[in-house]
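When a residue number appears, it is its place in the shown sequence, counting from 1. In each ligand, atom 1 is the first atom listed, and ligand 1 is the first ligand listed.
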Amino acid sequence: MRKFIIMGIQGSGKGTQAKLLAEALDLEHISVGDVFRWNVQHHTKIGAQVKRIMAAGHLVDDDLVESVVRERLAAHDWNYGFIVDGFPRNARQAEFFLESYDIDGVINLHLPDEEVHRRVLARRLCSQCGVDYNLMAHRPQREGVCDVCGGSLVTRADDNPEALAIRLAAYHQETRPLIEIFERKEYVATVDATRPVADVQAAIRQQFDLPFGAA
Ligand code: AMP
């Protein structure tokens, strides 16, 4: 059983790397941001609660985040483990998580702030299947259309300069300090996220001595 947390600043490729690792090792990819975006898209009660908060770049209330994570993890729908993406984001969430779950390690993707702006503002998302594109590094073959499912590409509501500034401030003030907390208890592997996707993935697997065969 392998249990990981993936951390990193906005645009560092947490979702991309988590998906690759999950596919290769048969892990459940648990993205709290994806759970909230799904709820917004499907007009659920939770979606209504978080829509404006997310679009403005603020963090969702800890109680709601914890209940979503608790419920998601209670499903126990993994055979080989999970990788949690976008959680924990502050000290209280970290405490809650570490009280309840053991983890094998934390993947920490490192990206300088100036690169964050370039990447996040060029990011597009398929409105149907959720695949991530980037207008600089990973362009779709047809402009505005998903290569995988033909869905239309949209900009995330919080990928604009104003919301990004708020998200970055929250990251630096609340999330980044968690790395030190984790370093005292868990194995933290910091990986240079400026490198190409495949190289970052290879570095992650090397650091945790994970197989290279699949994916
Ligand atoms: P992400 O896709 O991880 O960038 O998350 C998108 C947005 O969802 C964040 O900007 C927050 O509004 C909300 N969110 C995701 N995870 C958390 C969390 N652990 N705590 C609070 N808010 C979160």
Kindly write out the residues that satisfy ring-ring contact (aromatic ring centres under 6.0 Å, His included) with Y133, not counting sequence neighbours, or none if the list is empty.
H138
If every non-hydrogen atom of V200 is compared with every non-hydrogen atom of R195, which pair is closest and at what distance?
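Between these two residues, the closest heavy atoms are CG2-O, 3.4 Å.
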One line per pair, note the atom names and distance for all nitrogen or oxygen contacts under 3.5 Å between ligand 1 and the protein.
unit_1, atom_1, unit_2, atom_2, d
ligand 1, 2 (O), R37, NH1, 2.9
ligand 1, 2 (O), R37, NH2, 2.8
ligand 1, 2 (O), R156, NH1, 3.4
ligand 1, 2 (O), R156, NH2, 3.4
ligand 1, 3 (O), R89, NH1, 3.0
ligand 1, 3 (O), R89, NH2, 3.3
ligand 1, 4 (O), R89, NH2, 3.2
ligand 1, 4 (O), R156, NH2, 3.0
ligand 1, 12 (O), H58, O, 2.7
ligand 1, 16 (N), G86, O, 3.2
ligand 1, 16 (N), R89, NH1, 3.1
ligand 1, 19 (N), G86, O, 2.9
ligand 1, 19 (N), Q93, OE1, 2.9
ligand 1, 20 (N), Q93, NE2, 2.9
ligand 1, 22 (N), V60, N, 3.0

Measure up the H42 and W38 rings against each other and bin them: parallel (under 30°), tilted (30 to 60°), perpendicular (over 60°).
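If you compare the ring of H42 with that of W38, the planes turn out parallel.
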F4 and ring-ring contact (aromatic ring centres under 6.0 Å, His included): which partner among Y80, F82, F208?
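Going through the options one by one, the only one that passes is F208.
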Quiz question: by atom type and distance under 3.5 Å, do the side chains of D34 and H29 form a donor-acceptor pair?
no
Would you say the side-chain atoms of Q201 and R205 include a donor-acceptor pair closer than 3.5 Å?
yes
